[in-house]
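Owing to the predicted nature of the structure, the values given are computational and were not obtained by experimental measurement.
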Amino acid sequence: SQTIHQWPATLVQPVGSPLSLECTVEGTSNPNLYWYRQAAGRGLQLLFYSVGIGQISSEVPQNLSASRPQDRQFILSSKKLLLSDSGFYLCAWMVQGYSPLHFGNGTRLTVT
Amino acid sequence: KQEVTQIPAALSVPEGENLVLNCSFTDSAIYNLQWFRQDPGKGLTSLLLIQSSQREQTSGRLNASLDKSSGRSTLYIAASQPGDSATYLCAVLRNSGNTPLVFGKGTRLSVIA
């Protein structure tokens, strides 16, 4: 069966520090991968998505970046965090429209 | 540009009541529509997926319907329970998968015992 792992679950980082959040999927190949952010009291914001290794689409211009070094690995990064980067970050995957979108358990990031 | 709207934003009902959550979308050219549940501080859990060729899907006490031509979907919850309290989100997929889902902002449901 397919599973998605996302870590860490919580993270507290000072302003200006770097960020690396990792997401891996097991039990499937060539999934579409997604990074979302959910700020307190707000809806889901799509940050990045990838339909294949090395293929990244960015939905919002900001100081975050994403990479997909392997088929089932998706990494969200920042060189210098801002206070406004605080939020709940969710990784998700699906197979080309044939499966539901499956989410990880999320990372709660607090930038202080 | 596809827009997804969920009304109401919040709903409170007594336990045992049947209820309907609404989702509307502006572009009827969708591939599928999905309903999700999110508990506080957790990720989203997929509840039901309706392909564009289908009219409804059922899972237990949940029934989701789709009327593509009118740009509407409803999630029907029968005999609601306090454990159903959560935020329910719908999302539409435009084509077979190389474009991301478009989400509504969700309906926060509270079922009061």
Task: Residues of residues 34-45 of chain B with any heavy atom under 4.5 Å of a heavy atom in chain A - done: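 Those residues of residues 34-45 of chain B which have a heavy atom under 4.5 Å from chain A are B:Q34, B:F36, B:Q38, B:G41, B:K42, B:G43, B:L44.
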
Determine whether [X] and [Y] make a side-chain contact, defined as any pair of heavy atoms from C-beta on separated by less than 4.5 Å.
X	Y	value
A:L19	A:L11	yes
A:I75	A:E22	yes
A:P31	A:D71	yes
B:Q51	B:L49	yes
B:R94	B:V102	no
B:L66	B:I30	yes

- [ ] Please answer whether the main-chain N or O of A:L64 pairs with a side-chain N or O of A:S78 as donor and acceptor at a distance below 3.5 Å.
- [x] no

Open item on the list: Can a donor-acceptor pair be found, under 3.5 Å and without considering hydrogens, that links the side chain of B:S73 to the backbone of B:S65?
Closed with: yes

Task: Proximity breakdown for A:Q38 and chain B, heavy-atom pairs closer than 4.5 Å - done: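 Only the side chain of A:Q38 comes within 4.5 Å of chain B.
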
Open item on the list: Taking side chain as everything from C-beta outward and backbone as N, CA, C, O, which of these in A:L101 sits under 4.5 Å from a heavy atom of chain B? Side chain, backbone, both or neither.
Closed with: both

Open item on the list: Under the disulfide (SG to SG under 2.5 Å) definition, can you give me all pairs with a residue in residues 2-52 of chain A, not counting sequence neighbours?
Closed with: A:C23-A:C91

Open item on the list: Does anything in residues 102-112 of chain A reach chain B? List residues with heavy atoms under 4.5 Å apart, or say none.
Closed with: A:F103, A:G104, A:N105, A:R108

TODO: Taking salt bridge (charged side-chain N to carboxylate O under 4.0 Å, His left out) as the test, write out the residues that go with A:R37, two or more places apart.
DONE: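 With sequence neighbours excluded, A:R37 shows a salt bridge (charged side-chain N to carboxylate O under 4.0 Å, His left out) to A:D85, given in chain and number order.
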
